[in-house]
There are 2 protein chains.
Amino acid sequence: METIGRHVISELWGCDFNKLNDMDYVEKTFVDAALKSGAEIREVAFHKFAPQGISGVVIISESHLTIHSFPEHGYASIDVYTCGDLDPNIAANYIADALDAKTRETIELPRGMGPVEVKKAKAL
Amino acid sequence: METIGRHVISELWGCDFNKLNDMDYVEKTFVDAALKSGAEIREVAFHKFAPQGISGVVIISESHLTIHSFPEHGYASIDVYTCGDLDPNIAANYIADALDAKTRETIELPRGMGPVEVKKAKAL
């Protein structure tokens with residue numbers, strides 16, 4: 001098994017409050033995002049906080065996707081980490097669109113190659 | 001709920017093969033690491049791959065801890081992401097020690113503050 005992976009970290013701002021606070025919607029979005037990127041889903045675990053906010057993970061054969069949402073701030077903290085030939089940006093972009101993010105700050109980190117460093121950063 | 005978080009990304013090399021391939025040990029290590037850092041555990045999901053390797057997550061009230069292990073390479077890819085007053089390095093260091101990591105490459109990213117950038121990087 002190859003260690004090399006790509007880890008996309010996205011900070012999404014200006015997202016829709018209701019979508020960020022709808023656990024079923026967020027979970028379905030993440031499952032769909034994983035499938036669209038070509039990943040094989042292994043575990044799905046989401047948790048709803050009171051009074052608001054969702055944390056969740058989809059573990060895939062190729063690593064994981066996570067979210068922590070803060071509906072009151074329109075903010076979602078996203079990680080999409082894939083190994084193999086998958087492009088994590090496919091899932092990350094799908095999620096940002098599904099949450100109606102107005103601002104996306106994204107960095108990509110190569111993993112499993114030795115030293116960790118930021119490959120590229122962009123704001124959309 | 002405050003958006004500001006600290007995300008520690010660690011690449012662990014030279015880890016013990018058997019520990020990296022022992023799902024019960026890895027899961028217990030991650031639960032203990034979360035508790036030692038003062039986190040409140042919400043969800044625990046680990047998966048064992050054939051012929052070897054483990055992926056897993058501990059979702060905490062304060063974000064998450066994840067691992068992807070590659071025993072055949074002595075490599076584990078670790079994320080410890082915490083919000084609030086918790087120090088993610090407490091858990092990350094505990095995990096590195098428990099897996100007998102000989103080399104640790106670590107970066108820390110502030111999350112939830114706007115643009116993402118690497119705060120600091122270190123190799124131990």
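In what follows, chains carry the letters A, B, and so on, assigned in the order in which the sequence lines appear, proteins first and then strands, with residues in each chain numbered from 1.
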Chi angles and distances behind the side chain to side chain contact (heavy atoms under 4.5 Å, CB included) call for A/Phe49, B/Arg42: CA-CA 10 Å; A/Phe49 293 95; B/Arg42 297 288 188 161; 3.6 Å; yes
Side chain to side chain contact (heavy atoms under 4.5 Å, CB included), that's the test. Do A/Asp79 and B/Arg111 meet it? Break it down for me. CA-CA 11 Å; A/Asp79 288 67; B/Arg111 305 285 300 260; 3.1 Å; yes
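The distance from atom SG of B/Cys83 to atom NE2 of A/His68, rounded to the nearest 0.5 Å, is 7.0 Å. Distance check: A/Leu109 CG to B/Ile9 CD1 gives 4.5 Å after rounding to the nearest 0.5 Å.
In terms of hydrophobic clustering, with Ile, Leu, Val, Met, Phe, Trp and Tyr side chains grouped at heavy-atom distances under 4.5 Å, A/Val44 and A/Val80 are assigned to a common cluster. Follow the hydrophobic side-chain contacts under 4.5 Å out from A/Tyr25 and you reach A/Ile41 in the same cluster. There is no path of hydrophobic side-chain contacts, each under 4.5 Å, that joins B/Val58 to A/Phe46. One hydrophobic cluster, built from ILVMFWY side chains closer than 4.5 Å, cannot hold both B/Leu12 and B/Phe17; they sit in different ones. Under the 4.5 Å side-chain contact rule for hydrophobic residues, B/Val31 and B/Met23 share a cluster.
For a residue to count as touching a neighbouring chain, one of its non-hydrogen atoms must lie under 4.5 Å from one of that chain's; by this rule B/Ile67 does not touch chain A. Only the backbone of A/Ile60 comes within contact range of chain B, with heavy atoms under 4.5 Å apart. Contacts between B/His64 and chain A at a heavy-atom distance below 4.5 Å involve backbone atoms as well as side-chain atoms.
The main-chain N or O of B/Gly112 is found under 3.5 Å from a side-chain atom of A/Tyr75 such that the two form a donor-acceptor pair. Listed for the A/Glu43 side chain is no donor-acceptor partner under 3.5 Å among the backbone atoms of B/Ala45.
Of all heavy-atom pairs between A/Met113 and B/Trp13, the closest is N-CZ2, 4.0 Å.
When each of B/Ala76, B/Ser63, B/Ser55 is checked for heavy-atom pairs under 4.5 Å with chain A, B/Ser63 comes out on top.
Checking A/Tyr81 against B/Thr66 by side-chain atom types alone, no donor-acceptor pair falls below 3.5 Å.
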